[in-house]
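Some notes on the structure that comes next.
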Amino acid sequence: MDTFLYKELTASDKVIFAKAFQIALQIWGKDDCWCMKKSSNSIFKGFTTGKEKFLTYRGKDARPLMLSIAGYSSDPCKNVIVKRSTCKSPYCLNPSHYYWGTRADVAIENKMKGKKSLNKELIIKLRQEKTQGISSLQISKNYRMPYHTVRRICNNEIYESVESTTENKLIWQNVESICAKLILDYPEEAKNFNLKYYVTKELECPWHQKSTKPHKGNFGLMGECLDCMKEIKNGRATVDVRNFDFRWYWQVKSFWDKVDIKGDDECWPWRGPTKKNGSESVAYFPSPFHASNTQSAPRVAFWLSRGYTGKYRVFTKKTCKPFCCNPRHLTIKDLKDYDPPQKIQCIKLTHDDIIKHYKEREGNTQKE
């Protein structure tokens with residue numbers, strides 16, 4: 001790895017760069033074109049396609065970095081970045097589609113792009129026929145190819161590594177080891193990346209139910225579920241365990257069992273555990289956006305009655321009793337245009353038939 005090329009990147013940018021290759025490899029594999037022009041995945045936002053002939057990363061030519069992560073650096077004799085004719089996109093991120101070469105290599109690769117018949121198999125066959133004593137002139141006539149191209153191919157002046165089966169293996173070994181080293185060197189940045197990427201793309205908020213699309217992989221910068229935010233803005237306020245998938249049922253029910261639920265306009269005191277001499281409430285409710293598995297009771301009450309808001313802080317009214325969990329008394333001061341609900345639409349702490357509910361959910365999942 002050429003550390004000189006990476007010195008102007010921040011630790012976070014280095015981790016994102018390395019992660020991009022790991023994720024692209026999972027999505028497209030080793031051989032396909034990784035065209036950034038066609039990708040909408042958030043991990044690739046650092047790459048831009050504003051330049052006409054090459055990909056950039058954080059405003060700089062991405063190709064030297066791509067070759068560096070593949071374990072290659074330029075030398076005085078071969079200092080031109082060559083795009084293989086394997087794919088046509090100038091914005092391809094696949095490191096095996098580039099190599100350090102000369103301007104002559106660029107010309108040959110450009111020629112191969114327009115000739116589908118000229119491939120690795122044919123090049124190997126031409127060389128084999130040459131070793132069998134057939135002249136370059138005769139080969140060029142047999143295959144209707146320019147004589148000078150056949151001569152250079154048969155003399156190994158071009159495509160000298162075409163018969164090598166170890167080149168690509170070496171590239172991917174280097175990519176794997178260098179990416180791993182970059183990520184290992186910056187553990188905190190790697191941890192932040194995993195939280196931001198994997199949670200927002202693969203996990204779900206508590207309101208998601210199996211075999212449905214909403215409330216999954218649709219999070220904002222504060223970890224808030226964007227599907228929930230729409231419902232909150234529309235005034236959703238409900239204390240109903242039936243809104244949640246069965247796997248959440250006991251956790252949701254356990255929370256509300258610790259709340260003293262009173263009238264719509266009264267405070268709903270928290271009867272669960274506290275800490276710091278009773279100055280803070282403690283409600284067990286794991287969240288992928290928080291290091292701790294416990295939250296304040298008003299925050300969890302907001303999540304389970306109005307919607308999942310991630311890291312946004314939840315506040316009660318100034319006149320409220322300590323740790324009030326009444327959804328109508330809970331607000332998020334950082335958000336504008338989100339008014340408190342006019343009423344609590346439903347209070348339902350049990351299923352009429354929990355076994356029936358479980359069987360229905362499992363049956364729907366198996367059908368899917």
Original post:
Which heavy atom in Gly71 sits nearest to a heavy atom in Ile178, and how many Å separate them?
Top reply: N-CD1, 4.0 Å
Original post:
If you measure from CD1 on Ile27 to CG on Asp32, what distance do you get to the nearest 0.5 Å?
Top reply: 11.5 Å
Original post:
Asn218 side chain to Cys225 main-chain N or O, any donor-acceptor pair under 3.5 Å?
Top reply: no
Original post:
So, Lys253 and Thr350: side-chain donor and acceptor under 3.5 Å apart, yes or no?
Top reply: no
**OP:** Just do the side-chain contact (heavy atoms from CB on, under 4.5 Å) check on Thr49 and Leu55 with the steps written out, would you?
**Re:** CA-CA 5 Å; Thr49 57; Leu55 186 68; 3.9 Å; yes
**OP:** Tell me whether Leu349 is reachable from Phe246 by hopping between hydrophobic residues (I, L, V, M, F, W, Y) whose side-chain heavy atoms are closer than 4.5 Å.
**Re:** yes
Original post:
Just by distance, do the side chain of Trp268 and the backbone of Gly263 share a donor-acceptor pair under 3.5 Å?
Top reply: yes
Original post:
Got Arg127 and Asn156 here, is their nearest side-chain heavy-atom distance under 4.5 Å?
Top reply: yes
Original post:
Below 6.0 angstrom between ring centroids: does that apply to Phe17 and Tyr57?
Top reply: yes
Original post:
Is the side chain of Arg306 donor-acceptor paired with the backbone N or O of Arg236 at a distance under 3.5 Å, no angle test?
Top reply: yes
**OP:** For residues Ile69 and Cys179, report the shortest heavy-atom separation together with the two atoms involved.
**Re:** CD1-SG, 3.6 Å
Subject >> Lys348 atom NZ, over 12 foreign heavy atoms within 6.0 Å >> reply: yes
Subject >> Arg63 side chain vs Val82 backbone, donor-acceptor pair below 3.5 Å >> reply: no
Subject >> pair Met222-Thr309: side-chain heavy atoms closer than 4.5 Å >> reply: no
Original post:
Are Trp303 and Phe315 connected, step by step, through hydrophobic side chains (Ile, Leu, Val, Met, Phe, Trp, Tyr) whose heavy atoms are closer than 4.5 Å?
Top reply: no
Original post:
Is the backbone of Trp207 close enough, under 3.5 Å, to the side chain of Asn243 for a donor and an acceptor to pair up by distance?
Top reply: no
Original post:
Hey, what do you get for CG (Leu304) to OG1 (Thr238), rounding to the nearest 0.5 Å?
Top reply: 11.0 Å
**OP:** Kindly determine whether Cys228 and Cys205 satisfy side-chain contact (heavy atoms from CB on, under 4.5 Å), including the steps that lead there.
**Re:** CA-CA 9 Å; Cys228 279; Cys205 98; 3.7 Å; yes
Original post:
Where the side chain of Tyr98 meets the backbone of Cys92, is there a donor-acceptor pair that is under 3.5 Å apart?
Top reply: yes
Original post:
So do the side chains of Tyr143 and Leu126 get within less than 4.5 Å of each other, counting heavy atoms only?
Top reply: yes
Subject >> Distance (rounded to the nearest 0.5 Å) between Met145 CE and Ile153 CD1 >> reply: 4.5 Å
Subject >> Heavy-atom side-chain proximity of Phe21 to Trp34 below 4.5 angstrom >> reply: yes
Original post:
Is it true that atom CD of Glu280 has more than 12 heavy atoms of other residues, nucleotides or ligands lying nearer than 6.0 Å?
Top reply: yes
**OP:** State yes or no: do Leu170 and Trp172 share one hydrophobic cluster built from I, L, V, M, F, W and Y residues joined by side-chain heavy-atom distances below 4.5 Å, directly or via other members?
**Re:** yes
**OP:** Measure the shortest side-chain to side-chain distance between Ile81 and Phe54 over non-hydrogen atoms and say whether it is less than 4.5 angstrom.
**Re:** no
**OP:** Spell out, as yes or no, whether a donor-acceptor pair under 3.5 Å connects the side chain of Ser281 to the backbone of Ala297.
**Re:** yes
**OP:** Consider only side-chain heavy atoms of I, L, V, M, F, W and Y, link residues closer than 4.5 Å, and tell whether Phe244 and Trp250 are in one cluster.
**Re:** yes
Original post:
Going hydrophobic residue to hydrophobic residue with side-chain gaps under 4.5 angstrom, can you get from Val300 over to Ile347?
Top reply: yes
**OP:** Using modelled atom types only, decide if a donor and an acceptor are shared between the side chain of Asn174 and the backbone of Ala70 within a distance under 3.5 Å.
**Re:** yes
Original post:
Between Glu189 (side chain) and Ile183 (backbone), is there a donor-acceptor pair under 3.5 Å?
Top reply: no
**OP:** List the atom of Lys51, the atom of Thr56, and the distance in Å for their closest heavy-atom pair.
**Re:** CG-CG2, 3.6 Å
Original post:
Can you name the nearest heavy-atom pair linking Phe47 to Ala20, along with the distance?
Top reply: CE1-CB, 3.8 Å
Original post:
So, do Leu67 and Trp100 sit near enough that their side-chain heavy atoms are less than 4.5 Å apart?
Top reply: yes
Subject >> CA sep, side-chain torsions, deciding dist, call: Cys154, Ile139, side-chain contact (heavy atoms from CB on, under 4.5 Å) >> reply: CA-CA 10 Å; Cys154 293; Ile139 293 173; 4.3 Å; yes
Subject >> Nearest-0.5 Å distance, OG of residue Ser89 to CG of residue Asn94 >> reply: 11.0 Å
**OP:** Quick one: pull up CZ in Arg328 and NZ in Lys317 and give me the separation to the nearest 0.5 Å.
**Re:** 7.0 Å
**OP:** Indicate whether the side chain of Lys181 and that of Ser177 have a donor and an acceptor atom separated by less than 3.5 Å.
**Re:** no
Original post:
Is Val259 close to Val239 at the side-chain level, that is, under 4.5 Å between some pair of heavy atoms?
Top reply: no
Subject >> Closest approach of Ser136 to Val150 (non-hydrogen atoms, all atoms of both residues) >> reply: O-CG1, 3.6 Å
Subject >> Test log, rule ring pair (Phe, Tyr, Trp, His ring centres under 6.0 Å), inputs Tyr308 and Trp248 >> reply: CA-CA 14 Å; Tyr308 182 76; Trp248 287 93; 8.7 Å; no
**OP:** Answer whether the closest heavy-atom distance between the side chains of Cys267 and His329 falls below 4.5 Å.
**Re:** yes
Original post:
To the nearest 0.5 Å, how far apart are CD in Gln209 and NZ in Lys216?
Top reply: 13.0 Å
Original post:
Would you find a donor on one side and an acceptor on the other, under 3.5 Å apart, between the side chain of Arg84 and the backbone of Ser96?
Top reply: yes
Original post:
Can Glu224 and Ile332 be said to form a side-chain contact (heavy atoms from CB on, under 4.5 Å), step by step?
Top reply: CA-CA 12 Å; Glu224 74 279 19; Ile332 299 178; over 6 Å; no
